[in-house]
There are 2 protein chains.
Amino acid sequence: MRLLLVEDDARIAADISAVLTGAGYTVETASDGEDAWFRGDTEDYDLIVLDLGLPGLDGMSVLKRWRGNGRHMPVLVLTARGSWAERVEGIDAGADDYLPKPFQFEELLARSRALIRRSVGHGAATIAVGPLTIDTRAMRVSVNGVPQSLTPLEYRLVSYLGHHRDRIVPPTELQEHLYGDDFSRDANALEALVARLRKKLGAVAIGTRRGFGYYMGESAP
Amino acid sequence: MRLLLVEDDARIAADISAVLTGAGYTVETASDGEDAWFRGDTEDYDLIVLDLGLPGLDGMSVLKRWRGNGRHMPVLVLTARGSWAERVEGIDAGADDYLPKPFQFEELLARSRALIRRSVGHGAATIAVGPLTIDTRAMRVSVNGVPQSLTPLEYRLVSYLGHHRDRIVPPTELQEHLYGDDFSRDANALEALVARLRKKLGAVAIGTRRGFGYYMGESAP
DNA sequence: CAGCGCCTGTCAGCGAATTGTCAGCTTCAG
DNA sequence: CTGAAGCTGACAATTCGCTGACAGGCGCTG
């Protein structure tokens, strides 16, 4: 799960980030409104934790802009204690939940889980693409009914492409999804990963569009 | 299995909690409606035992809010004797079962087992997975018909995996259901527990999918 | 109350699976 | 034809999970 934390106070941001990371999330941070707006508008996050008091573009405006652009990811707003007016405004702006400051980290984690769970919904347990079947409950992939043993990273790649079938997914997007903000890796890591997958699933399972990215399903030129 | 007990009378809550704990459940309690609503909305419980007479937000409203938010966990409602109107309202609010007060603890346990069983799709009181048989009434596990002596924690782990057979259960989920909201433990505690279980039940009883979690049943690669 | 045993968490080390890196090769577009 | 993009196999580093030993805590018993 990939989270965006929007918080201008560097020390607080570091604390919260550490807690969320410890809970198993991939956390990225934005420290001002402009950056937050751009990333929330162009990246796919599973949850955004948004502090309202920001320099530059303020948090509420950022949230309104996202919603105005049709972005529906869950947003958890950190409000000042008992700021009743802010809550009302926030509801209209499209926030999904609130947390008055100061708060217990435990509560932040609990609400984050709830929001993510709600947004994921109860989608189908299996998705089929060509000869592939992806069972999200057993976290297993079958080719023509034959189960394959995939490593965690391999599974996440197949799963992501499967959820975005018939669409060319740029390598940068895949790297973001697989590795989050960690840019330490060689660009070749992804290619090597794809190669290993094709060996297991068959060469036709994943297609390449030179210069654009990878895809599963129908994306013939 | 992780239960939430919502009951405002501290003495009664302690009694019921003791009985449920003795039956092998991880029990958490909430004593008012606000707390109950929040926890039920944000945490994963296998069953919620809900008393209707609560200070603040009353039990029925809490239940309606949960269902309104799309939460489907089984809820067992404790009603006043012969309160016919409450039952009807409860059905609409989404309760799964009723227990008129006063009741025998034995009946509470039986209905709890039944609800949990039903929610995970098993009809019978005993679950068979490979050579294992889990008797949820007697809290006993047998390997090829030979009863094993398991510690309370060991039984809870087997029971949870058995109820969720053929599914990969992430370690974080297991920790939640074994330990509730007590987060003090080392990640290794779970691994040590699994190791002890495998020594008793045989190495094949519990499978590992590196990077994903544990499972019982058919999730082999 | 002291002693004992059982249960369970912690620690440290080991082995293996996973994944990043490198170097050289192939393929494609212009 | 040529350079860049992508592929591949081998190798190495890292991470992850397992295990055995140990210790604290709790309840039971004499």
Side-chain angles (χ1 to χ4, degrees), chain A residues 21-22 24 26 139 141 148-161 168-215 219-221, chain B residues 18 21-22 24 26 139 141 148-158 160-161 168-175 177-180 182-215 219-221:
Chain A
T21 303
T26 304
M139 299 212 252
V141 176
Q148 303 295 316
S149 129
L150 298 190
T151 69
L153 205 60
E154 288 169 351
Y155 176 79
R156 283 207 274 159
L157 178 55
V158 173
S159 167
Y160 191 84
L161 289 178
I168 310 282
V169 182
T172 52
E173 182 179 333
L174 284 175
Q175 302 203 8
E176 273 165 18
H177 181 257
L178 293 176
Y179 306 125
D181 244 353
D182 186 356
F183 278 89
S184 61
R185 285 168 191 75
D186 194 302
N188 202 313
L190 182 60
E191 293 165 11
L193 181 62
V194 171
R196 284 195 266 258
L197 259 173
R198 290 211 253 241
K199 203 179 297 178
K200 286 185 181 178
L201 305 180
V204 289
I206 301 174
T208 304
R209 197 55 92 58
R210 200 185 174 85
F212 291 99
Y214 298 97
Y215 64 91
S219 273
Chain B
T21 303
T26 305
M139 289 198 285
V141 176
Q148 302 293 314
S149 98
L150 298 189
T151 70
L153 202 58
E154 286 169 352
Y155 173 76
R156 283 198 261 164
L157 177 55
V158 174
Y160 192 81
L161 288 179
I168 308 287
V169 183
T172 52
E173 182 178 332
L174 282 176
Q175 301 200 10
H177 287 259
L178 289 178
Y179 304 125
D182 182 359
F183 276 82
S184 59
R185 283 163 193 77
D186 193 298
N188 205 333
L190 183 60
E191 293 165 11
L193 181 62
V194 171
R196 284 175 191 131
L197 259 173
R198 290 211 253 241
K199 209 176 293 180
K200 287 186 180 177
L201 305 180
V204 288
I206 301 174
T208 304
R209 285 284 294 283
R210 198 186 171 90
F212 292 114
Y214 297 97
Y215 65 91
S219 278

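Reminder, nothing fancy here: chain letters follow the sequence lines and each chain counts from 1.
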Does Arg185(B) reach a base, just sugar-phosphate, or nothing at all? Heavy atoms under 4.0 Å.
sugar-phosphate
Regarding Arg198(B) and Thr208(B), is there a side-chain donor-to-acceptor distance under 3.5 Å anywhere?
yes
Does the dA17(C) base have a donor-acceptor partner in the side chain of Arg209(B) within less than 3.5 Å?
no
Atom pair distance, as rounded to whole Å: CG in Leu197(A) and C1' in dG20(C)
15 Å
Considering only side-chain heavy atoms of Pro152(B), which listed nucleotide, dG17(D), dC7(D), dC7(C), is closest?
dC7(C)
Atom CG of Asn188(B) and atom P of dC22(D): how far apart are they, to the nearest Å?
17 Å
Please determine whether any donor N or O and acceptor N or O are separated by less than 3.5 Å between the side chain of Arg196(A) and the base of dG9(D).
no
When the distance from CG of Leu174(B) to C1' of dG17(D) is rounded to whole Å, what number comes out?
14 Å
Leu178(A) atom CG is separated from dT18(C) atom P, nearest whole Å, by 16 Å
Looking at every heavy atom in both Leu161(A) and Val169(A), which two are closest together, and how far apart are they?
CD2-CG2, 3.8 Å
Output yes when at least one side-chain N/O atom of Thr151(A) is less than 4.0 Å from OP1 or OP2 of dT19(C), else no.
yes
Between Tyr179(B) and dG9(C), does any side-chain N or O lie under 4.0 Å from OP1 or OP2?
yes
With a 4.0 Å cut-off on N to O distance, would you call Arg196(B) and Glu154(B) a salt bridge?
no
Taking for Phe212(B) and for Phe212(A) the nucleotide of DNA chain D with the nearest heavy atom, the one nearer the 5' end belongs to Phe212(A)
On DNA chain C, compare the nucleotides closest to Arg210(A) and Leu153(A); which residue's is nearer the 5' end?
Leu153(A)
Check whether NZ of the Lys or CZ of the Arg Arg209(A) lies under 6.0 Å from the centre of the six-membered ring of Tyr214(A) and within 45 degrees of that ring's axis.
no
Donor/acceptor link under 3.5 angstrom from Arg198(A) side chain onto base of dT8(D):
no
Can you find a side chain N or O atom of Lys199(A) that sits less than 4.0 Å from OP1 or OP2 on dG9(D)?
yes
Which is true for Asp186(A) with a 4.0 Å heavy-atom rule: it touches a base, it touches only sugar-phosphate, or it touches nothing?
sugar-phosphate
Report yes if at least one side-chain N or O of Thr208(A) is closer than 4.0 Å to OP1 or OP2 of dA5(D); otherwise report no.
no
Please classify the nucleic acid contact of Tyr155(A) as base, sugar-phosphate, or nothing, using heavy-atom distances under 4.0 Å.
nothing
Which class fits the ring pair Phe212(B) and Tyr155(A): parallel under 30°, tilted 30 to 60°, perpendicular over 60°?
perpendicular
Validation row: Leu193(A), Leu178(A) side chains within 4.5 angstrom (heavy atoms)
yes
Nearest-Å distance, CG (Leu150(A)) to C1' (dT19(C))?
14 Å
Write down the distance between NZ (Lys200(B)) and P (dC6(C)), rounded to a whole number of angstrom.
11 Å
Whole Å only: how far is the CG atom of Leu193(A) from the P atom of dC7(D)?
12 Å
Atom-pair distance (CG on Leu190(B); C1' on dG9(C)), nearest Å
12 Å
Candidates dG6(D), dC18(D), dC22(C) - which lies nearest the side chain of Glu191(A):
dG6(D)
